[in-house]
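Notes follow once the structure below has been shown.
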Number of protein chains: 2
Amino acid sequence: MGFAAQLPAAGGFLEQLEAARSLEDLQAVSEALRAHYGVDHLVYHWVSASGEQYGCGTYSPDWVQRYIEKGYLRIDPVVQGCFQRFHPVDWKRLDWSSKAARAFQKDAIAHGVGNQGFSIPIRGPNGQFALFTVSHSCPDEDWAQFTALHRRDMILMAHTFNEKALDLEPGRRPEAAQPLSPREIEALTLLAVGYSRAQVAETLAISEHTLRVYVESARFKLGAMNTVHAVARALSRGLIVV
Amino acid sequence: MGFAAQLPAAGGFLEQLEAARSLEDLQAVSEALRAHYGVDHLVYHWVSASGEQYGCGTYSPDWVQRYIEKGYLRIDPVVQGCFQRFHPVDWKRLDWSSKAARAFQKDAIAHGVGNQGFSIPIRGPNGQFALFTVSHSCPDEDWAQFTALHRRDMILMAHTFNEKALDLEPGRRPEAAQPLSPREIEALTLLAVGYSRAQVAETLAISEHTLRVYVESARFKLGAMNTVHAVARALSRGLIVV
DNA sequence: TTTTACCTCCCCAGAAATGGCGGGGGTGCC
DNA sequence: GGCACCCCCGCCATTTCTGGGGAGGTAAAA
């Protein structure tokens with residue numbers, strides 16, 4: 001199968017990770033980890049709300065380039081699936097049924113990504129989202145054994161990569177979430193669950209005009225151009241929950 | 001100082017956690033973990049933005065009751081701080097300066113929560129948020145030593161508690177995602193970033209009426225009552241990314 | 001092959017949202 | 001006391017969205 005079956009927890013690499021001083025260091029550690037675990041790839045990948053992405057890992061520059069150029073972010077079942085999920089997930093459990101997904105999969109394998117994968121979603125405040133992935137090429141049983149063995153290590157690595165990446169890229173941090181007033185939150189929340197403005201006003205027992213003031217105020221705070229935008233921003237910044 | 005200084009990783013309790021079949025089991029394991037680490041408290045606490053909360057842990061029922069009744073959720077610096085943070089955090093690094101926060105702190109200590117604490121924020125899709133906390137009463141240096149030693153264990157416990165809690169409360173999970181057509185996704189995405197319907201139509205180079213058909217179709221698929229609702233659902237189900 | 005889903009376009013009229021103007025009262029901070 | 005913010009309300013007109021019809025073509029799945 002190729003990868004080491006039994007190793008000490010994270011093999012002391014977590015310390016190396018924690019000592020990283022730059023993205024290049026992270027890159028080097030990910031290469032070392034990849035070799036240590038004997039897998040094909042090991043990647044930390046940050047996806048911002050606006051679609052920009054960066055990260056470090058062992059994918060070939062070719063593949064990374066292609067991924068971005070082709071807009072694979074929008075069809076990659078790993079990203080899509082993890083985005084909707086709470087927990088680490090084996091790629092086999094994702095939905096590869098769509099044609100686009102299968103085409104993507106084929107392309108990915110052709111670029112050496114491997115047929116097996118295990119990805120961990122990581123989130124921060126305001127909808128920040130990153131992925132930590134280990135991928136390999138091997139039979140299902142071997143992979144199942146590997147993931148069972150190293151699941152915890154991978155969780156810790158995911159955490160540590162995320163922590164370091166954020167430390168090293170302070171510019172990527174979210175805009176300061178401008179706090180919304182309680183009423184504004186209530187208003188946007190009710191709008192987000194489908195109430196019309198009139199219904200929201202009735203629910204909050206205020207005049208429709210007052211409601212409008214809240215929504216406008218929230219729009220302003222969020223830098224939104226209209227209500228849809230405001231609700232979307234409030235949602236993706238974690239200011240409201242539906 | 002009272003707690004065990006050197007222990008094997010998570011002391012085999014992670015397996016117990018993974019075997020839990022009910023919230024009561026989780027409760028029991030948290031009690032065992034608390035004893036194992038020799039700390040005052042160990043709590044997993046789920047917080048939804050709508051204010052409902054549940055969890056398991058070793059806080060006294062009195063304190064839990066009081067916390068809910070007093071609406072401490074809104075002033076608890078641990079919750080507030082972790083909600084805006086990426087990483088695990090020591091309570092000392094939080095902002096306790098406000099009057100409400102200090103009153104809360106005093107009350108918490110009076111209820112045996114402890115003067116030291118370490119909390120890990122955990123997030124799911126759609127802004128779901130939970131906290132895993134270990135608290136204790138001891139001098140700063142001892143606590144620093146404890147957190148340094150067991151930080152990784154705590155991260156793994158946080159993950160596992162979260163995983164099990166979600167498994168055991170399937171009602172808390174988001175609904176399955178209904179697939180949208182590419183055009184529908186484009187339409188909703190552009191709407192979510194603030195474009196008006198006319199602008200979206202122009203951007204997609206289609207007539208405004210065609211766009212309307214997409215939005216209506218998406219609304220129908222998502223079971224949404226209006227555009228705002230549709231965008232909110234698409235966002236929170238991870239069907240679109242802003 | 002038939003069905004299904006997707007994409008595209010058109011009209012109309014009523015409902016809803018927005019933008020701008022004005023007013024009031026309350027709290028808490030410097 | 002002034003300032004900032006939160007909470008609440010009214011009227012105007014305009015723009016935008018929504019809901020009900022209709023049509024036709026392609027491409028993939030059953």
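The analysis underlying the following values was restricted to heavy atoms, covering all of them including side chains, and did not include hydrogens, waters or symmetry mates. Quick note on labels: first sequence line is chain A, next is B, and so on, each numbered from 1. What you see is a predicted model, and the numbers here were worked out from it, not measured in a lab.
Distances shown here put every side-chain N or O of B:Thr210 at or beyond 4.0 Å from the OP1 or OP2 atom of C:dC7. OP1 or OP2 of D:dC8 has at least one side-chain nitrogen or oxygen of A:Tyr214 nearer than 4.0 Å.
Rounded to whole Å, the distance from CD on B:Glu208 to P on D:dG19 is 15 Å. When the P atom of C:dG19 is taken as reference, atom CG of A:Asn226 falls 8 Å away, rounded to whole Å. Separating the CD atom of B:Gln199 from the P atom of D:dT15 is a distance of 15 Å, rounded to the nearest angstrom. Whole-Å rounding puts the A:Arg219 CZ to D:dT16 C1' distance at 12 Å. Atom-to-atom, CG of B:Leu211 to C1' of C:dC6 comes out at 15 Å; the value is rounded to the nearest Å. For the pair B:Phe220 CZ and C:dA5 P, the interatomic distance rounds to 10 Å; values are reported in whole Å.
When distances are taken from the side chain of B:Ile206 to each of D:dC17, D:dC7, C:dC9, the shortest belongs to C:dC9. Comparing C:dC6, D:dC6, D:dG10 against the side chain of A:Ser207 picks out D:dG10 as the nearest.
Between B:Ser181 and A:Ser196, the residue whose closest nucleotide on DNA chain C is further toward the 5' end is B:Ser181. Nearest-nucleotide mapping onto DNA chain C: of B:Ser217 and B:Ala205, the residue sitting toward the 5' end is B:Ser217.
Two rings, from B:Trp46 and B:Phe161, have their centers 6.0 Å or more apart. Taking the six-membered ring for Trp, B:His159 and A:His159 have ring centres closer than 6.0 Å.
For the segment residues 183-191 of chain B, the set of residues with a heavy atom within less than 4.0 Å of an atom of DNA chain D is empty.
Comment: B:Arg212 does not engage B:Glu184 in a salt bridge, judged by the lack of any side-chain N to carboxylate O separation of less than 4.0 angstrom. With respect to the salt-bridge test (charged N to carboxylate O, under 4.0 angstrom), the residues B:Arg183 and B:Glu186 qualify.
Residues B:His41 and B:Thr58 bring a donor and an acceptor atom of their side chains to less than 3.5 Å of each other.
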Between the protein and nucleotides 20-26 of chain D, list the N/O to N/O atom pairs that are separated by less than 3.5 angstrom.
{"residue": "D:dG20", "atom": "O6", "partner": "B:Arg212", "partner atom": "NH2", "Å": "2.7"}

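Aromatic ring orientation, A:Phe129 versus A:Phe83: perpendicular (interplanar angle above 60°, classes split at 30° and 60°). Between A:Tyr59 and A:Trp63, the ring planes are perpendicular. Angles over 60° get that label, and only those under 30° would be called parallel.
Applying the 6.0 Å contact sphere to CZ of A:Phe104 captures more than 12 heavy atoms from other residues, nucleotides or ligands. For A:Glu216, the CD atom sits in a packed shell: over 12 heavy atoms of surrounding residues, nucleotides or ligands are nearer than 6.0 Å.
Heavy atoms of B:Thr227 sit under 4.0 angstrom from primed sugar atoms or phosphate atoms, though from no base atom.
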